[in-house]
*Asks:* 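Before I ask anything, here is the structure I am working with.
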Amino acid sequence: MRTEVIKDKIKMIQEALREIRRGTAEIIDEARIEKLLKAYIEKGETFTVKAGFDPTAPDLHLGHTVLLHKLATFQKYGANVQFIIGDFTAQIGDPTGKSETRKKLLPEAIVKNAESYKEQVFKILDPEKTTVLFNADWINPLGAAGMLELTTTHNVARMLERDDFEKRYKNGTSISISEFIYPLLQGYDSVHLKSDIELGGTDQKFNLLMGRHLQRAYEIGKEQAVLMMPILEGLDGIQKMSKSLNNYIGVADAPNDMFGKVLSISDDLMWRYYELLSALSLDEIEVLKFGVADGTQHPKKVKEALAIEITARFHGEEAAQSAKAEFDKVHAKNQLPSDIAEFELEGPIWIAKALQDCKIAPSTSQARRDLKQGAVKIDQKKVTDEQLQLEAGEYILQVGKRKFARAKVK
RNA sequence: GGUGAGAUAGUCAAGUGGCCAACGACGGCAGACUGUAAAUCUGCUCCCUAUGGGUUCAGAGGUUCGACUCCUCUUCUCACCA
């Protein structure tokens, strides 16, 4: 009997470790993580996992949520998450990946951004097991003396080892002294909070390790394990997801857009998204993969399930289902979408001009090309006459598969 | 501070007096095939009711019948020297 229970627990620990490892780029001190999991599963002892967020980016996209999902996984296995809003450090600006010194943020902007963070993260994290903290709360009291003490733990040569700094130094790009302070402060957060584990992106490695070193320097009796998540690829599957590349799925995207965007990714990329963004377990995903491989599952269905899961997470199950219904209506049954932007135009109006005015063609030149290529439809019927004039009446204009407009010609 | 090289469309990158709205690649858009997938094939990719007109090749001047191409100045980038 006893041995059964012990075997079960060992299995649980292995299972937990597998989920923790899922999708990670690198783990430092995995043994420590295993120990923490063991203590939780055997004795119910909880531990802390820290992750810091710069309150500079109010537009969150799915790339940012990869880390949140990993935190949620930890919460399943006994972690209390220390969710840190870097309100103090934001005044400096994280040097990571930046080719130049960053501008300072206004305090009001920081507060506003932090609020929008909170709104979004609890769609993924368990609020019961999450503590939101502002690092100005313990860094401000540090004072000049404390700050000075912090700087004695490292020297300039060591700082310059860091990639970004080294490059910038070589290139003669300016490095502000305050930027040296940034990693120290982030590391100090770990000292203050006595974190057991810290999560971050791969680009954060230097900063994350700083937490380990400082915990040793300050002799708090533990050194945090570090777990790094990879950068999520964007819709194209090649470049990283980012707003400027316009290959992102924003957490604030409308349900229909979100659903459509997920469905437009390639089948290969779908598995990547499953790995990093789905709440399904590894075993469940394996089943899907086998299903697709032996033909019992259609890849589109599997992708749909993912699209629904993701859409539901941010907009609720109902909105996700109606997004799917809407999608089927437009694309499978070739019907019109239910929401079409409306424009009032003065008639009679030249078709190319009408397309431009309805914002579904950027210029009349482009509109003419679209016409010539058979991409334009009026009331679902293809139109190729470049000279067509629209008389008074109501028309549904369409360019390609996705751009619709309702034109009311007076 | 000195010398040299460079700045061309969303990005990379040809073009060194007219054949240039400017080769090509990537990206993007559209069409075919599909599952709004991938792959593939095709067309398009500055603006303008157009077999034509207008504005473009860092900026400002100049030479010339004619300039992305030559000259002058300015701004910025890179390399070498100090």
Side-chain angles (χ1 to χ4, degrees), chain A residues 99-100 167-168 170-174 233-249 253-274 288-289 291-293 295-308 310-311 323-338 340 345-378 380-390 397-405:
Chain A
S99 46
E100 53 191 69
K167 273 188 208 135
R168 280 163 64 184
K170 260 188 171 166
N171 288 340
T173 324
S174 114
E233 293 84 351
L235 299 174
D236 51 53
I238 298 158
Q239 311 237 56
K240 66 170 187 179
M241 184 175 283
S242 85
K243 189 158 192 196
S244 55
L245 292 172
N246 197 26
N247 64 356
Y248 69 102
I249 301 177
D253 279 359
N256 288 350
D257 290 341
M258 205 177 256
F259 186 89
K261 280 183 184 177
V262 175
L263 221 55
S264 79
I265 64 174
S266 75
D267 290 0
D268 286 342
L269 189 61
M270 160 173 88
W271 297 118
R272 178 75 169 157
Y273 278 27
Y274 258 112
L288 292 176
K289 268 193 192 168
V292 169
T296 53
Q297 289 266 14
H298 194 292
K300 195 194 170 197
K301 292 283 165 210
V302 178
K303 206 183 287 171
E304 256 172 22
L306 179 68
I308 288 174
I310 289 174
T311 308
K324 175 182 163 8
E326 175 77 10
F327 186 90
D328 287 345
K329 187 174 137 194
V330 176
H331 299 290
K333 297 184 193 140
N334 261 323
Q335 292 171 359
L336 294 168
S338 12
I340 302 180
L345 308 171
E346 287 295 325
I349 185 167
W350 180 37
I351 177 68
K353 189 80 185 122
L355 292 171
Q356 184 187 20
D357 287 350
C358 291
K359 304 205 164 36
I360 52 180
S363 64
T364 57
S365 298
Q366 181 61 47
R368 287 174 148 231
R369 284 180 218 118
D370 289 337
L371 251 349
K372 205 181 294 176
Q373 297 192 97
V376 176
K377 285 181 188 162
I378 298 177
Q380 313 244 59
K381 280 169 71 184
K382 191 192 278 184
V383 175
T384 48
D385 177 10
E386 282 178 44
Q387 292 306 324
L388 186 72
Q389 297 288 327
L390 295 181
L397 305 180
Q398 182 180 355
V399 176
K401 281 177 216 157
R402 320 180 188 203
K403 284 168 286 190
F404 296 90

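Order of the sequence lines fixes the chain letters, A, B, ..., with proteins taken first and strands second; residue numbering starts at 1 for each chain.
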*Asks:* For A:Glu233, enumerate each residue passing the side chain to side chain donor-acceptor pair (under 3.5 Å) test, keeping only those at least two apart in sequence or located in another chain.
*Replies:* A:Arg272
*Asks:* In chain order, what residues pass the salt bridge (charged side-chain N to carboxylate O under 4.0 Å, His left out) check against A:Lys289, with sequence neighbours excluded?
*Replies:*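 If we apply the salt bridge (charged side-chain N to carboxylate O under 4.0 Å, His left out) test to A:Lys289, skipping adjacent residues, there are no hits.
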*Asks:* Only pairs with both distances under 3.5 Å count, Watson-Crick or wobble alike; so what is the partner of B:rC19 in this structure?
*Replies:* none
*Asks:* Counting Watson-Crick and G-U wobble pairs only, both distances under 3.5 Å, name the nucleotide matched with B:rG61, or none.
*Replies:* B:rC71
*Asks:* Within the structure shown, what part of the strands sits under 4.0 Å from A:Lys303 by heavy-atom distance: base, sugar-phosphate, or nothing?
*Replies:*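 Base contact.
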*Asks:* Looking at residues at least two apart in the chain, or sitting in another chain, which of them share a salt bridge (charged side-chain N to carboxylate O under 4.0 Å, His left out) with A:Lys300?
*Replies:*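 For A:Lys300, the residues satisfying salt bridge (charged side-chain N to carboxylate O under 4.0 Å, His left out) (neighbours in sequence not counted) are A:Glu304.
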*Asks:* Taking the side chain as every heavy atom from C-beta outward, state whether A:Leu235 and A:Leu269 have any atom pair closer than 4.5 Å.
*Replies:* no
*Asks:* Record whether the side chain of A:Asp267 comes under 3.5 Å of the base of B:rG35 through a donor-acceptor pair of N or O atoms.
*Replies:* yes
*Asks:* Only counting residues at least two apart or in another chain, list the ones meeting salt bridge (charged side-chain N to carboxylate O under 4.0 Å, His left out) with A:Lys353.
*Replies:* A:Asp357
*Asks:* I'd like the P distance from B:rC26 over to B:rC71, given in whole Å.
*Replies:*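 Taking atom P in both B:rC71 and B:rC26, they lie 35 Å apart.
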*Asks:* Between B:rG35, B:rC48, B:rC29, which nucleotide has the shortest distance from any of its atoms to the side chain of A:His298?
*Replies:*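 So the nucleotide nearest the side chain must be B:rG35.
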*Asks:* Could I get a table of every N or O pair under 3.5 Å where one atom is in the protein and the other is in nucleotides 50-54 of chain B?
*Replies:*
| residue | atom | partner | partner atom | Å |
| --- | --- | --- | --- | --- |
| B:rA50 | N7 | A:Arg368 | NH1 | 2.9 |

*Asks:* In Watson-Crick or G-U wobble terms, both distances under 3.5 Å, what is the partner of B:rG27?
*Replies:* B:rU45
*Asks:* Please work out which residues in residues 382-390 of chain A have a non-hydrogen atom less than 4.0 Å from an atom of RNA chain B and list them by number.
*Replies:*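 Per residue number, the list reads A:Gln387, A:Gln389.
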*Asks:* Just jot down the side-chain contact (heavy atoms from CB on, under 4.5 Å) partners of A:Ser264, sequence neighbours excluded, or say none.
*Replies:* none
*Asks:* Does the structure show a Watson-Crick or G-U wobble partner for B:rG6, both distances under 3.5 Å? Name it, or say none.
*Replies:* B:rC76
*Asks:* So which pairs with a foot in residues 325-338 of chain A pass salt bridge (charged side-chain N to carboxylate O under 4.0 Å, His left out), sequence neighbours left out?
*Replies:*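 Residue pairs passing salt bridge (charged side-chain N to carboxylate O under 4.0 Å, His left out), neighbours aside: A:Lys324-A:Asp328.
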*Asks:* Output all residues satisfying side-chain contact (heavy atoms from CB on, under 4.5 Å) with A:Pro255, sequence neighbours left out; order by chain, then residue number.
*Replies:*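 Scan of A:Pro255 (side-chain contact (heavy atoms from CB on, under 4.5 Å), adjacent residues dropped) gives A:Thr311, A:His315, A:Ala319, A:Ala323.
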*Asks:* Taking C-beta and beyond as the side chain, do A:Leu397 and A:Ile360 meet within less than 4.5 Å on heavy atoms?
*Replies:*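 Answer yes - side chains close enough.
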*Asks:* Under the salt bridge (charged side-chain N to carboxylate O under 4.0 Å, His left out) definition, can you give me all pairs with a residue in residues 360-378 of chain A, not counting sequence neighbours?
*Replies:* A:Arg368-A:Glu386
*Asks:* Considering only B:rC29, B:rC44, B:rA38, which nucleotide approaches the side chain of A:Arg369 most closely?
*Replies:* B:rC44
*Asks:* Take the protein atom CD1 of A:Ile238 and the nucleotide atom P of B:rG27, then report the distance between them rounded to whole Å.
*Replies:*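 Rounding to the nearest Å, CD1 of A:Ile238 and P of B:rG27 are 7 Å apart.
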*Asks:* Mark yes or no for a side-chain to base donor-acceptor pair under 3.5 Å between A:Gln373 and B:rG31, with no hydrogen or angle criteria applied.
*Replies:* no
*Asks:* Among residues 253-265 of chain A, which ones have heavy-atom contacts with RNA chain B below 4.0 Å?
*Replies:* A:Gly260, A:Ser264, A:Ile265
*Asks:* From the list B:rU34, B:rC48, B:rC29, which nucleotide is the closest neighbour of the side chain of A:Asp370?
*Replies:*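 Nucleotide nearest to A:Asp370's side chain: B:rC29.
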*Asks:* Just jot down the salt bridge (charged side-chain N to carboxylate O under 4.0 Å, His left out) partners of A:Asp257, sequence neighbours excluded, or say none.
*Replies:*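 A:Asp257 satisfies salt bridge (charged side-chain N to carboxylate O under 4.0 Å, His left out) with no other residue.
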